Protein chains: 2
Amino acid sequence: MGNAPKHRQAILEAAVRLFRQQGYAATGLSEILAASGAPKGSLYYYFPNGKAEIGLAAIELAAEKVAATLSALAANGARPEKIVARYLDMVGNWMRQSAYADGSPITTIVLEMASRDDKIREAAADAFRRWAAILEHAAVEHGCEPTQAAETARVTIALIEGALIQCRVRRSVDPLSEAAAQVKILFRETDLRRRCGHSC
Amino acid sequence: MGNAPKHRQAILEAAVRLFRQQGYAATGLSEILAASGAPKGSLYYYFPNGKAEIGLAAIELAAEKVAATLSALAANGARPEKIVARYLDMVGNWMRQSAYADGSPITTIVLEMASRDDKIREAAADAFRRWAAILEHAAVEHGCEPTQAAETARVTIALIEGALIQCRVRRSVDPLSEAAAQVKILFRETDLRRRCGHSC
DNA sequence: CGTATTATGGCGACCGGTCTATATGCGATC
DNA sequence: GATCGCATATAGACCGGTCGCCATAATACG
């Protein structure tokens, strides 16, 4: 990581931003280079496999950043719904700042490439798994039954992705707060099911 | 509708399928023509505004088909969670048949174009609104408080979109059944809130 | 000073969407 | 009946931009 030359990181961060905003196919390599300030020839030196390698690396970088953010929010032993609420609050601010151009950092490229590039598909699956694992762990820490906690965590990730789509389409952050409210209900329900058997 | 010449519909349906599987930018007009069997010159005769017009029409067609399916499932006065469960069951079969290539018919192109083409963005917003309205109506019919029903319906649509993404990435229909289970919880909770004030 | 590694600019083949010019069918008119 | 005109329908060619690679320059090092 630290041994990565200077321009490589600039290219990757520009790629993450552009892929997130307009997708993989619509983003030209020249556009990435212009945004990153890196010289043209550097691209195939740092990424010998071309665009596909950049796409994969961009997903891994974005996945890592989200995981780090979630981990930070989970560090002080917060309840899972609180982690989600805080995260969605942050994301909402980013969306407003970008005029609703930024969505999920990986969804767009994943939908384009899921059927075409297995490496990208698996990297995305890994990302979603890692994010859900953080929520799952927090839920279990707070006493939820492990199997139920895992399922609720996975659904929560899906709900967040869906809410981000709605935000871009409606140019509003309302879907995020609505999602946060429902996530709260889901985790509370998961908790109740542990305590009193099934449903109250 | 019925006055639409024969090839126009073929082009549109091919476009819907290809846009759904690989996105807007990655799909070439020549690819659409090859898949539809329509001659090359017909494209700019039926769609004078070019690719953008095809994209918009494809979204509207896909949105209409989903709305029709949901309406059919809601016709006999089923509960909203039942509508969702039945719909997700159908979608799961389609996904298996396409080897997890088909996802949401509009999400991919919407994420690519939301920041670039307002017409497409608004068409997508309209589609989501219509789908949610069907669920909302069913919920209200079954006694849910209108405001709560609307919110739960919107969140349900978001959750479905998110679950479809997970299916493509994980090559599995499990996310759909998990989503259906949670949707059931959400609508039941919406119902309870009506009956006993807040939470049980 | 020579060699290996790092880093880069430019070139070529190719494919994209777009448009203009042409064919085909058919009813009206002389 | 022949010709004209119009709407429908189509094929081909254009221009621009794309990705990918190679020849070359700058740097580090023995």
Side-chain angles (χ1 to χ4, degrees), chain A residues 1-59 108-109 112-113 115-120, chain B residues 1-59 108-113 115-120:
Chain A
M1 291 281 173
N3 64 347
K6 199 184 173 209
H7 276 163
R8 191 191 143 98
Q9 195 68 12
I11 291 177
L12 266 186
E13 296 192 0
V16 168
R17 178 160 33 93
L18 291 169
F19 287 161
R20 170 165 57 177
Q21 293 186 359
Q22 41 181 300
Y24 178 83
T27 302
L29 295 185
S30 53
E31 205 176 353
I32 297 178
L33 290 176
S36 70
K40 172 148 193 184
S42 302
L43 219 154
Y44 274 79
Y45 174 70
Y46 292 118
F47 304 94
N49 283 41
K51 202 181 183 183
E53 187 174 351
I54 297 183
L56 183 59
I59 285 196
T108 310
I109 173 172
E112 285 180 275
M113 305 297 285
S115 313
R116 306 183 128 189
D117 188 324
D118 267 357
K119 298 267 186 192
I120 287 183
Chain B
M1 290 284 171
N3 63 348
K6 200 183 170 208
H7 276 162
R8 192 193 142 96
Q9 196 67 13
I11 290 178
L12 265 186
E13 295 190 1
V16 167
R17 179 160 31 93
L18 289 169
F19 287 161
R20 170 163 57 177
Q21 292 185 0
Q22 41 180 303
Y24 179 82
T27 301
L29 295 185
S30 53
E31 203 176 355
I32 296 177
L33 290 175
S36 70
K40 173 149 190 180
S42 302
L43 221 153
Y44 272 78
Y45 173 70
Y46 292 118
F47 304 93
N49 283 40
K51 201 182 186 184
E53 188 175 351
I54 297 183
L56 183 59
I59 284 195
T108 310
I109 173 172
V110 162
L111 287 180
E112 285 180 277
M113 304 297 283
S115 313
R116 305 182 129 190
D117 189 324
D118 266 357
K119 298 267 186 194
I120 287 184

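Since the structure is predicted, the reported quantities are computational estimates derived from the model, not experimental observations. Sequence lines set the chain letters: A, B, ... in the order given, protein chains first and strands last, and positions in each chain run from 1.
Residues H7(A) and S36(A) form no side-chain contact, since every pair of their non-hydrogen atoms from C-beta on lies 4.5 Å or further apart. Looking at heavy atoms from C-beta onward, S115(A) lies out of side-chain contact with Q22(B) at the 4.5 angstrom threshold.
Note that the first and last nucleotides of DNA chain D, 5' to 3', having any atom under 4.0 angstrom from a heavy atom of chain A are dT18(D) to dC21(D).
Distances shown here put every side-chain N or O of S42(A) at or beyond 4.0 Å from the OP1 or OP2 atom of dA7(C). In terms of phosphate contacts, H7(A) brings no side-chain nitrogen or oxygen within less than 4.0 Å of OP1 or OP2 of dT6(C).
The interatomic distance linking F47(A) (CZ) with dA7(C) (P) rounds to 13 Å, in whole Å. Following rounding to the nearest Å, L33(A) (CG) and dG10(C) (C1') show an atom-to-atom distance of 13 Å. Protein atom OH of Y45(A) is 6 Å distant from nucleotide atom C1' of dA7(C), rounded to whole Å. Straight-line distance from the CG atom of L29(A) to the C1' atom of dG12(C): 16 Å, rounded to whole Å.
Looking at Y24(B), its side chain does come within 3.5 Å of a backbone N or O of A52(B) through a donor-acceptor pair.
T27(B) pairs in a side chain to side chain contact (heavy atoms under 4.5 Å, CB included) with only one of the listed residues (T108(B), I54(B), I109(B), I32(B)), which is I32(B).
To the nearest 0.5 angstrom, K51(A) atom NZ is 9.5 Å from Y44(A) atom OH.
When all heavy atoms are compared, the tightest approach of F47(A) to R8(A) is CE2-NH1, 3.6 Å.
Mapping A25(A) and G41(A) onto DNA chain D by nearest heavy atom places A25(A) at the nucleotide closer to the 5' end.
Among the heavy atoms of the strands lying under 4.0 Å from K40(B) is at least one base atom, whether or not backbone atoms are also near.
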